[in-house]
Amino acid sequence: MASDDTQLHRGLKSRHIQLMALGGAIGTGLFLGVAETVRLAGPSVLLGYAIAGLIAFLIMRQLSEMMVDEPVAGSFGHFADKYCGRFAGFVSGWNYWVLYVLVSMAELSAVGIYVQYWFPHVPTWVSALGCFLLANGISLINVRAFGESEFWFSVIKVAAIVAMIVYGVFLLASGGAGPQASVANLWTHGGFFAHGIKGLVMSMAIIMFSFGGLEVIGITAAEAADPARSIPRATNQTLWRILVFYVGALAVLLALYPWDQIVPGASPFVLIFKALDAGIVAHVLNVVVLTAALSVYNSCVYSNSRMLYGLAVQGHAPRALLRVNARGVPLTSLGVSAVATALCVGVNYAVPGKALGLLMGLAVAGMLINWAMISWSHLRFRAAKRAAGVPTAFPSPLYPLTNWVCLVYLAGIVAIMYATPDLRPSVWMIPAWLVVLAAGYRVAEGRRARVARVAS
């Protein structure tokens, strides 16, 4: 049923893109990663999520300005290629693809942890395999099927977080959470900065991982039915949603339960409601956090296949990856991404207790390159538009000041990671990975030049 058509279909509606933008950021980082950030920073983690959320919003605004003007496949890989040179485009696109293979692996690892809440004897790799088959099966149907599944996954997450916040506030107001529950938990037990400013700073690298996924809206540009309207709406709603779903939910969580009693390694949302004897709520929340991991992995499957397709469009990947079937699914790109992600099953089998932490650290390193490239490409994009005397339809705020603020912030995250023994290997991998990409670029460009000579 394959066709010769190599064009993606515009099947994503505004509601799909808005919920995808939100759903991409509500996953393992919020439901599982907060246990580690709370341990490092104490209640001041609230400030950390607010700062990181603002930076993420600014970078998404920079990306969205470019997307509204040029809604094409490959997104930030395309912009890096066009405004910063072919090598930058190669690095941006392939780095993003590898990054989201790693994020896919992290989310699949998280699925295993959540399932073990009910079935502690089920190996994590078995649960990861089930999630892998489900998400790839959905993406094989068409882009609208992906959009609908992601819409409803995100609705479940949003509804659950809102309900949790409301229920938590009710418990605090009614005294139903017990004597240990109090808003004073935010400044007692060592104070708001329980581990000082250093504790907050050292938590920022892990906090950053929480917001990975927001840039999925950049992949939707070529398949959005009305990108000029849907992308600005989705982007502008990002900031207040971050405040509600991260800062708001965490504030309630930390008020309900002393922060120093939260145990890393499982979802604190589930453990806290279980400790409060809200057994049914704890089970429902575990369903929700499992749904969140499924949702983010679902987005990763979509993003990876579309980025590979975009790389092929730009000439940075084999043209075979351009194959699109009659339903608009880039089959070869989807298959290659699925094979790469399937390695996660092996990682969980080999090191089941360490897989998630290892993959998170590697993903943060890739995300640093990705977000820095978006900000830098935007600087060059605006310079080109200004030179041509062409205004943009959705300008990002306080350009170019906010670009430099974002780049300095990302450099600071690198310094924090280097100062953190567990994350230091990820920092060393950045230059090593760039060398690998440079070698890959030379091979790809050599092949392209040979094809061009034969064609001429």
Side-chain angles (χ1 to χ4, degrees), residues 25-54 113-114 117 157-211 240-286 288-289 292 416 420:
I26 301 178
T28 303
L30 174 60
F31 289 118
L32 192 60
V34 295
E36 181 63 19
T37 57
V38 169
R39 184 187 68 82
L40 288 170
S44 67
V45 74
L46 297 173
L47 180 59
Y49 278 98
I51 293 170
L54 176 60
I113 293 173
Y114 299 145
Y117 176 75
K157 291 187 286 186
V158 170
I161 293 174
V162 171
M164 188 207 72
I165 293 173
V166 171
Y167 183 58
V169 170
F170 167 75
L171 289 176
L172 286 168
S174 65
Q180 86 284 351
S182 170
V183 176
N185 282 333
L186 298 178
W187 55 83
T188 53
H189 306 286
F192 184 73
F193 292 96
H195 295 302
I197 297 295
K198 180 181 178 181
L200 172 61
V201 169
M202 298 306 290
S203 71
M204 294 302 293
I206 301 173
I207 288 174
M208 182 181 170
F209 177 82
S210 301
F211 296 104
W240 70 262
R241 285 170 169 173
I242 286 171
L243 293 175
V244 171
F245 295 114
Y246 274 89
V247 181
L250 274 174
V252 171
L253 179 86
L254 295 174
L256 284 172
Y257 204 70
W259 71 268
D260 54 356
Q261 295 182 34
I262 295 175
V263 180
S267 172
F269 292 91
V270 174
L271 294 179
I272 284 169
F273 280 97
K274 183 179 180 182
L276 296 173
D277 293 327
I280 294 177
V281 176
H283 284 292
V284 171
L285 277 175
N286 204 55
V288 172
V289 297
I416 293 167
T420 306

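This one's a predicted model, so the numbers in the text were calculated from it and none came from an experiment.
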Novice: Would you say the side chain of His195 lies within less than 4.5 Å of the side chain of Leu40, judging by non-hydrogen atoms?
Specialist: no

Novice: How far apart are the closest heavy atoms of Phe193 and Ser44, and which atoms are they?
Specialist: CD2-CB, 3.5 Å

Novice: Taking all non-hydrogen atoms of both residues into account, name the closest pair between Ala251 and Leu46 and its distance.
Specialist: N-CD2, 3.5 Å

Novice: How far apart are the closest heavy atoms of Val252 and Gly168, and which atoms are they?
Specialist: CG1-CA, 3.6 Å

Novice: Nearest 0.5 Å please: distance from the CG atom of Leu47 over to the CZ atom of Phe192.
Specialist: 5.5 Å

Novice: Quick one, Val45 and Leu254 - any side-chain contact, counting heavy atoms below 4.5 Å?
Specialist: yes

Novice: For Pro43 versus Ala194, what's the shortest heavy-atom pair and its separation?
Specialist: CD-CB, 4.2 Å

Novice: Looking only at heavy atoms, what is the nearest atom pair of Ala255 and Val183, with distance?
Specialist: CB-CA, 4.0 Å

Novice: Does some side-chain heavy atom of Leu253 sit less than 4.5 Å from a side-chain heavy atom of Leu250?
Specialist: yes

Novice: Considering all heavy atoms of both residues, which atom of Ile207 and which atom of Ala52 are nearest to each other, and what is their separation?
Specialist: CG2-CB, 3.5 Å

Novice: If you apply the rule side chain to side chain contact (heavy atoms under 4.5 Å, CB included), what do you find for Ile206 with Thr420, and how did you get there?
Specialist: CA-CA 11 Å; Ile206 301 173; Thr420 306; over 6 Å; no

